[in-house]
Structures are given as structure tokens and as C-alpha cells.
Peer 1: 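Sharing a structure below in C-alpha cells format, with a few things to ask.
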Amino acid sequence: QVQLEESGGGLVQAGGSLRLSCAASGRTFSSYSMGWFRQAPGKEREFVVAISWSGGNAWYADSVKGRFTISRDNAKNTVYLQMNSLKPEDTAVYYCAADYKDGSIWYLEDSVYSMDYWGKGTLVTVSS
């Protein structure tokens, strides 16, 4: 079992920045690809970004590429999401996820239904 807990959400103006954290406990943290999904009000949960177990590769949704950066610190059992140049369209609950599937396929729309582990989410609100 793996337990995930997100933190760092809040209210920010458009153009601002936030950094989200996801702390993991339980099974060997480095055995999993990790990443983030988000769900805006009235919409389906969507893929944001994934990172390989080693941290050497990352894959981003086109909507956040160039603005968001994912990283992981296996010594601290933590994954981070640095979000810059935030837009109102980024407003959503952000969920940390972990899975044995390679992060390169997380963009597939069915991936949201097959993640091994989920955090409870943290709310990000971007005002215009």
C-alpha cells in the first residue's frame, strides 16, 4: 500500500505561482511512476504531468507545457509540482497519483481510471 498526501494549494492571481507537494508513505516510493491530475468544477479529471520512478523523464499535457515543472525527491518520499504563469483555466482540485504503469502513457484518457493510488486532492484557485 502507498498513501499520498497533497499540500500547497491556495488562491493566487493570474500570472502568479504555486508549488504543490505530494508526500508518500508505505511501499517503496521509488518503485512507482508519479504524477498529477486535476479536476475543474463540472469537468472530468484530466492528466497534467507524470514523472518516471527515477525522476529522469517527465511527460506534460500540452495545456501546461512550459509553465509547470514536476520533480521528485526519493530521499524525502516527495513529488513536487511547480506551477508558474497560472491562468484562471488552471483552477481545479489537483490530485497526486502513483502507478506502476510507465509515465509515458499517463496522457491516455483511460489512465485516470486505472491509477493504483490517489491522494485526496488540494484546491488551486486562480483569480483573473
Side-chain angles (χ1 to χ4, degrees):
Q1 287 289 107
V2 172
Q3 295 80 46
L4 306 174
E5 184 174 1
E6 305 96 333
S7 63
L11 175 65
V12 65
Q13 290 188 343
S17 298
L18 284 174
R19 189 174 78 155
L20 306 183
S21 298
C22 175
S25 61
R27 288 186 176 180
T28 303
F29 177 68
S30 61
S31 297
Y32 292 83
S33 291
M34 303 285 294
W36 297 85
F37 291 76
R38 67 186 182 185
Q39 188 166 19
K43 296 185 177 181
E44 296 183 350
R45 194 170 300 186
E46 66 177 3
F47 167 75
V48 177
V49 61
I51 189 168
S52 63
W53 70 268
S54 68
N57 292 289
W59 301 267
Y60 295 85
D62 288 341
S63 59
V64 306
K65 193 174 299 182
R67 299 188 297 120
F68 291 10
T69 303
I70 190 171
S71 61
R72 68 189 295 169
D73 186 340
N74 289 344
K76 296 182 178 180
N77 297 325
T78 302
V79 173
Y80 305 96
L81 182 64
Q82 179 67 45
M83 305 185 295
N84 298 326
S85 301
L86 283 162
K87 305 175 181 179
E89 305 95 279
D90 296 317
T91 295
V93 176
Y94 283 71
Y95 296 91
C96 182
D99 199 82
Y100 276 114
K101 295 188 296 293
D102 191 277
S104 64
I105 65 171
W106 282 33
Y107 76 94
L108 298 173
E109 64 180 22
D110 287 348
S111 293
V112 71
Y113 304 110
S114 60
M115 293 292 105
D116 289 337
Y117 302 101
W118 290 102
K120 293 182 179 180
T122 185
L123 177 63
V124 172
T125 302
V126 184
S127 62
S128 60

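Numbering starts at 1 and runs along the sequence shown.
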Peer 1: What pairs with Y95 under ring-ring contact (aromatic ring centres under 6.0 Å, His included), at least two apart in sequence or on another chain?
Peer 2: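 Expected list: none.
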Peer 1: Taking all non-hydrogen atoms of both residues, which atom of S33 and which atom of S52 are closest, and how far apart?
Peer 2: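 Closest approach of S33 to S52: OG-CA, 4.0 Å.
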Peer 1: Looking at D116, is its backbone amide N or carbonyl O close enough to the side chain of D99 to form a donor-acceptor pair, meaning the two atoms are under 3.5 Å apart?
Peer 2: yes
Peer 1: Between Y60 and M115, is there shared hydrophobic-cluster membership here, with clusters defined by ILVMFWY side-chain heavy atoms closer than 4.5 Å?
Peer 2: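 Hydrophobic grouping puts Y60 apart from M115.
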Peer 1: Name all residues meeting the ring-ring contact (aromatic ring centres under 6.0 Å, His included) criterion together with W59; count only those two or more places apart in sequence or in a different chain, and write none if there are none.
Peer 2: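 If we apply the ring-ring contact (aromatic ring centres under 6.0 Å, His included) test to W59, skipping adjacent residues, there are no hits.
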Peer 1: Is Y107 reachable from V112 through a run of hydrophobic residues whose side-chain heavy atoms are each under 4.5 Å from the next?
Peer 2: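 Per the 4.5 Å side-chain linkage, V112 and Y107 are co-clustered.
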Peer 1: Give the ring-plane orientation class for F37 versus F47, where under 30° counts as parallel, over 60° as perpendicular and anything between as tilted.
Peer 2: perpendicular
Peer 1: Please name the pair of heavy atoms, one in V93 and one in G121, separated by the smallest distance, quoted to 0.1 Å.
Peer 2: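 Heavy-atom minimum between the residues: CG1-CA, 3.8 Å.
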Peer 1: Strictly by disulfide bond (SG atoms under 2.5 Å apart), give each pair with a member in residues 31-73 just once, sequence neighbours left out.
Peer 2: none
Peer 1: Which residues pass the ring-ring contact (aromatic ring centres under 6.0 Å, His included) test with W36, not counting sequence neighbours?
Peer 2: none
Peer 1: For A14 versus P88, what's the shortest heavy-atom pair and its separation?
Peer 2: CB-CD, 4.1 Å
Peer 1: Do you know the tightest heavy-atom contact between M34 and I70?
Peer 2: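 Shortest heavy-atom separation between M34 and I70 comes out as O-CD1, 4.3 Å.
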Peer 1: Applying side chain to side chain donor-acceptor pair (under 3.5 Å), name anything that partners K120, two or more places apart in sequence or on another chain.
Peer 2: none
Peer 1: If a pair satisfies salt bridge (charged side-chain N to carboxylate O under 4.0 Å, His left out) and one of its residues is in residues 53-66, list it, with sequence neighbours excluded.
Peer 2: D62-K65
Peer 1: To the nearest 0.5 Å, what is the distance between CD on Q39 and CD on E44?
Peer 2: 8.5 Å
Peer 1: With a 6.0 Å cut-off on ring centres, are Y32 and Y100 close enough?
Peer 2: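 Ring centroids of Y32 and Y100 are less than 6.0 Å from each other.
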Peer 1: Scan side-chain atoms only and decide if S111 and K101 contain a donor-acceptor pair under the 3.5 Å cut-off.
Peer 2: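 No, no side-chain donor-acceptor pair sits under 3.5 Å.
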Peer 1: Are L108 and I51 grouped together when hydrophobic residues (ILVMFWY) are joined by side-chain heavy atoms under 4.5 angstrom apart?
Peer 2: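 Result: no, two separate clusters.
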Peer 1: Looking at every non-hydrogen atom in both residues, tell me the closest pair between A97 and W106 and how far apart they are.
Peer 2: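 Looks like O-CH2, 3.6 Å.
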Peer 1: If the condition is salt bridge (Lys or Arg N to Asp or Glu O under 4.0 Å), which residues does E46 pass it with, not counting sequence neighbours?
Peer 2: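 R38.
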Peer 1: Output all residues satisfying salt bridge (Lys or Arg N to Asp or Glu O under 4.0 Å) with K43, sequence neighbours left out; order by chain, then residue number.
Peer 2: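 Partners of K43 by the salt bridge (Lys or Arg N to Asp or Glu O under 4.0 Å) criterion come out as none, since no residue qualifies.
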Peer 1: Return each pair, listed once, that meets disulfide bond (SG atoms under 2.5 Å apart) where at least one residue sits in residues 53-128; pairs must be two or more places apart or across chains.
Peer 2: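 Pairs touching residues 53-128 that pass the test: C22-C96.
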Peer 1: Please identify which of these residues, V49, L20, V48, meets the side chain to side chain contact (heavy atoms under 4.5 Å, CB included) condition with F68.
Peer 2: V48
Peer 1: V124 and L81: same hydrophobic cluster, using ILVMFWY side-chain contacts below 4.5 Å?
Peer 2: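 Linked within one cluster.
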Peer 1: Could you tell me which residues satisfy salt bridge (Lys or Arg N to Asp or Glu O under 4.0 Å) with R67, sequence neighbours excluded, listed by chain and number?
Peer 2: D90
Peer 1: Linking I/L/V/M/F/W/Y whenever any side-chain heavy atoms sit under 4.5 Å apart, do V64 and Y80 land together?
Peer 2: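 Different clusters.
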Peer 1: Quick check: does any side chain N or O of T91 sit under 3.5 Å from a backbone N or O of V126, one acting as donor and the other as acceptor?
Peer 2: yes
Peer 1: Going by salt bridge (Lys or Arg N to Asp or Glu O under 4.0 Å), name the residues that satisfy it together with K87, two or more places apart in sequence or in a different chain.
Peer 2: none
Peer 1: Mind jotting down which residue pairs meet the side-chain hydrogen bond (donor to acceptor under 3.5 Å, both in side chains) criterion with at least one end in residues 1-15? Sequence neighbours excluded, please.
Peer 2: Q3-S25
